[in-house]
Amino acid sequence: VAKVLWHVTMSLDGFIAGPDDAMDWVFEYPEPNAAVDEVIQKIGAVLAGRRSYDVGKKEDQVEGVTEPYGGAWTGPQFVFTHEPSGAPEDPTVTFLSGDIRDAVATALAAADGKDLVVFGANVARQCLDAGLIDEILVHLAPVLLADGVGLFGSPGTERVDLERTSVAQAGQLTDLRFRVVDGRPSGPGPHRR
Ligand SMILES: NC(=O)c1ccc[n+]([C@@H]2O[C@H](COP(=O)([O-])OP(=O)(O)OC[C@H]3O[C@@H](n4cnc5c(N)ncnc54)[C@H](OP(=O)(O)O)[C@@H]3O)[C@@H](O)[C@H]2O)c1
């Protein structure tokens with residue numbers, strides 16, 4: 001069954017980007033990672049917030065790697081924005097606005113039976129709060145960034161229970177995978193209903 005996976009690398013102090021959206025630290029752990037390889041095999045589409053997309057296109061912020069997974073995966077990418085003005089240059093990219101549930105449903109349909117991976121924090125958190133996230137994969141990096149974009153930068157709307165489904169080490173990264181425990185009235189997985 002296709003899943004919606006929030007896939008993120010986080011510093012020990014809870015940041016997914018440093019000050020000024022700094023992402024250089026993410027590239028300091030180049031060791032092979034079985035969890036990432038598995039995600040790449042199963043991914044059918046990506047949903048990102050506009051900020052993640054924009055920073056991802058800035059070569060100086062992402063060490064010249066401007067495609068998801070460094071180009072190891074290609075496929076439909078959806079970017080959630082209030083202002084979907086202008087067509088994206090890349091034909092695989094679609095701007096979406098409106099209800100987050102509709103955005104996830106559209107991206108899941110494009111994933112065509114494979115998983116949908118969500119990037120960033122703000123939009124991903126909205127997906128979580130709407131009961132749309134099935135799993136969270138966090139690569140915990142051994143660094144304290146001190147400031148930047150927090151994984152959970154603002155309070156959520158309600159308690160979310162998780163079940164840890166795997167722990168692994170890949171070089172200096174600790175991979176933590178969680179399943180969102182079903183039980184909330186709102187989800188998870190309304191995209192499948
Ligand atoms: N460590 C990692 O694994 C990782 C992965 C990806 C990204 N990042 C970093 O995370 C940062 C970006 O994450 P973020 O949490 O700040 O932002 P984000 O979720 O990527 O994007 C936020 C943007 O999404 C749009 N948006 C949000 N809610 C919306 C709604 N209800 N309707 C329509 N559009 C909506 C808005 O764009 P508009 O202003 O255009 O409306 C908003 O500014 C960057 O620094 C990036 O480098 C880190």
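Counting from 1, the numbers follow the sequence of the chain as shown. Read the numbers this way: they start at 1 and go in the same order the structure lists the ligands and their atoms.
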*Asks:* Yes or no: does I100 have any heavy atom under 4.0 Å from an atom of ligand 1?
*Replies:*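 It does not; every heavy atom stays at 4.0 Å or beyond.
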*Asks:* Quick check on contacts: which atoms of ligand 1 are under 4.0 angstrom from a heavy atom of Q126?
*Replies:*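 The list of qualifying atoms is 27 (C), 28 (N), 29 (C), 31 (N).
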*Asks:* Among all the protein's non-hydrogen atoms, which is closest to atom 7 (C) of ligand 1, and how far away is it?
*Replies:*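 Scanning the protein heavy atoms, the shortest distance from atom 7 (C) of ligand 1 goes to S52 OG, 3.2 Å.
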*Asks:* For A109, which residues count as a side-chain contact (heavy atoms from CB on, under 4.5 Å) partner, sequence neighbours excluded?
*Replies:*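 Residues passing side-chain contact (heavy atoms from CB on, under 4.5 Å) with A109: none at all.
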*Asks:* List ligand 1 atoms under 4.0 Å from V8, heavy atoms only on the residue side.
*Replies:*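 Taking each heavy atom of V8 in turn, ligand 1 has 2 (C), 3 (O) under 4.0 Å.
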*Asks:* May I ask you to test the V93-Y53 pair for a side-chain heavy-atom distance under 4.5 Å?
*Replies:*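 Answer yes - side chains close enough.
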*Asks:* Closer than 4.0 Å to some heavy atom of N122 - which atoms of ligand 1 meet that?
*Replies:*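 By the 4.0 Å cutoff, the relevant atoms are 14 (P), 15 (O), 17 (O), 19 (O), 27 (C), 28 (N).
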*Asks:* Name the option, out of P68, G49, A141, that contains the heavy atom nearest to atom 18 (P) of ligand 1.
*Replies:*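 The nearest heavy atom belongs to G49.
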*Asks:* For atom 30 (C) of ligand 1, find the nearest protein heavy atom and state the residue, atom name and distance (0.1 Å precision).
*Replies:*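 Sorting protein heavy atoms by distance from atom 30 (C) of ligand 1 puts F80 CE2, 3.3 Å first.
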*Asks:* As an exercise, state the distance from CD1 of I16 to CZ of F152, rounded to the nearest 0.5 Å.
*Replies:*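 Rounded to the nearest 0.5 Å, the CD1-CZ separation comes out at 10.0 Å.
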*Asks:* Please answer: with hydrophobic residues joined when any side-chain heavy atoms are less than 4.5 Å apart, are V123 and F119 in the same cluster?
*Replies:*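 No, separate clusters.
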*Asks:* I'd like to check L5 versus I136 (side-chain heavy atoms, cut-off strictly below 4.5 Å). Are they in contact?
*Replies:*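 No, their side chains stay 4.5 Å or more apart.
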*Asks:* In the protein, what heavy atom is nearest to atom 5 (C) of ligand 1, and what distance, to one decimal place, separates them?
*Replies:*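 That would be G120 N, 4.0 Å.
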*Asks:* State yes or no: are the ring centers of H7 and Y69 separated by less than 6.0 Å?
*Replies:*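 Under 6.0 Å, so yes.
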*Asks:* Just jot down the ligand 1 atoms closer than 4.0 angstrom to any heavy atom of V55, in number order.
*Replies:*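 Heavy-atom distances to V55 below 4.0 Å select 44 (C), 47 (O).
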*Asks:* Please, which pairs that meet salt bridge (Lys or Arg N to Asp or Glu O under 4.0 Å) have at least one residue in residues 53-69, sequence neighbours excluded?
*Replies:*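 Residue pairs with at least one partner in residues 53-69: R50-D54, K57-E67.
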*Asks:* Using a 4.5 Å cut-off on heavy atoms from C-beta on, say whether the side chain of V8 contacts that of L137.
*Replies:*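 When only atoms from C-beta onward are counted, V8 and L137 do not touch, as no gap falls below 4.5 Å.
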*Asks:* For atom 19 (O) of ligand 1, which of the options D21, V123, V149 provides the nearest non-hydrogen atom?
*Replies:*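 Ranked by closest heavy atom to atom 19 (O) of ligand 1, first place is V123.
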*Asks:* Geometry only, no angles: is A121 polar-contacting ligand 1 at N/O separations under 3.5 Å?
*Replies:*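 A121 vs ligand 1: N/O contact under 3.5 Å present.
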*Asks:* Does T9, backbone or side chain, put an N or O under 3.5 Å from an N or O of ligand 1?
*Replies:*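 Indeed, backbone or side chain, T9 has an N or O that close.
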*Asks:* Can you tell me how far CH2 of W6 sits from CG of L132, rounded to the nearest 0.5 angstrom?
*Replies:*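 Reported to 0.5 Å precision, the distance equals 12.5 Å.
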*Asks:* Write out the residue and atom name of the closest protein heavy atom to atom 40 (O) of ligand 1, then the distance separating them to 0.1 Å.
*Replies:*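 Among all protein heavy atoms, the one nearest atom 40 (O) of ligand 1 is T81 OG1, 2.6 Å.
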*Asks:* Does the protein put a heavy atom less than 4.0 Å from atom 34 (N) of ligand 1?
*Replies:*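 Protein heavy atom within 4.0 Å of atom 34 (N) of ligand 1: present.
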*Asks:* How far is atom 37 (O) of ligand 1 from the closest protein heavy atom, and which atom is that?
*Replies:*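 Checking every protein heavy atom, the shortest distance to atom 37 (O) of ligand 1 gives R50 CB, 3.3 Å.
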*Asks:* Looking only at protein heavy atoms, identify the closest one to atom 39 (O) of ligand 1 and say how far it is in Å.
*Replies:*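 The protein heavy atom lying closest is H82 ND1, 4.5 Å.
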*Asks:* Say whether, by atom type as modelled, one donor and one acceptor occur between the side chain of D175 and the main chain of H139 under 3.5 angstrom.
*Replies:*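 No; zero donor-acceptor contacts below 3.5 Å.
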*Asks:* To the nearest 0.1 Å, how far is atom 43 (O) of ligand 1 from its closest protein heavy atom, and which atom is that?
*Replies:*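 That would be R51 CG, 3.7 Å.
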*Asks:* Distance to 0.1 Å, residue and atom name: give those for the protein heavy atom nearest to atom 8 (N) of ligand 1.
*Replies:*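 Residue, atom and distance for the closest contact: I16 CD1, 3.8 Å.
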*Asks:* So D37 and Q41, side chain to side chain donor-acceptor pair (under 3.5 Å) or not? Walk me through it.
*Replies:* CA-CA 6 Å; D37 293 344; Q41 275 193 357; over 6 Å; no
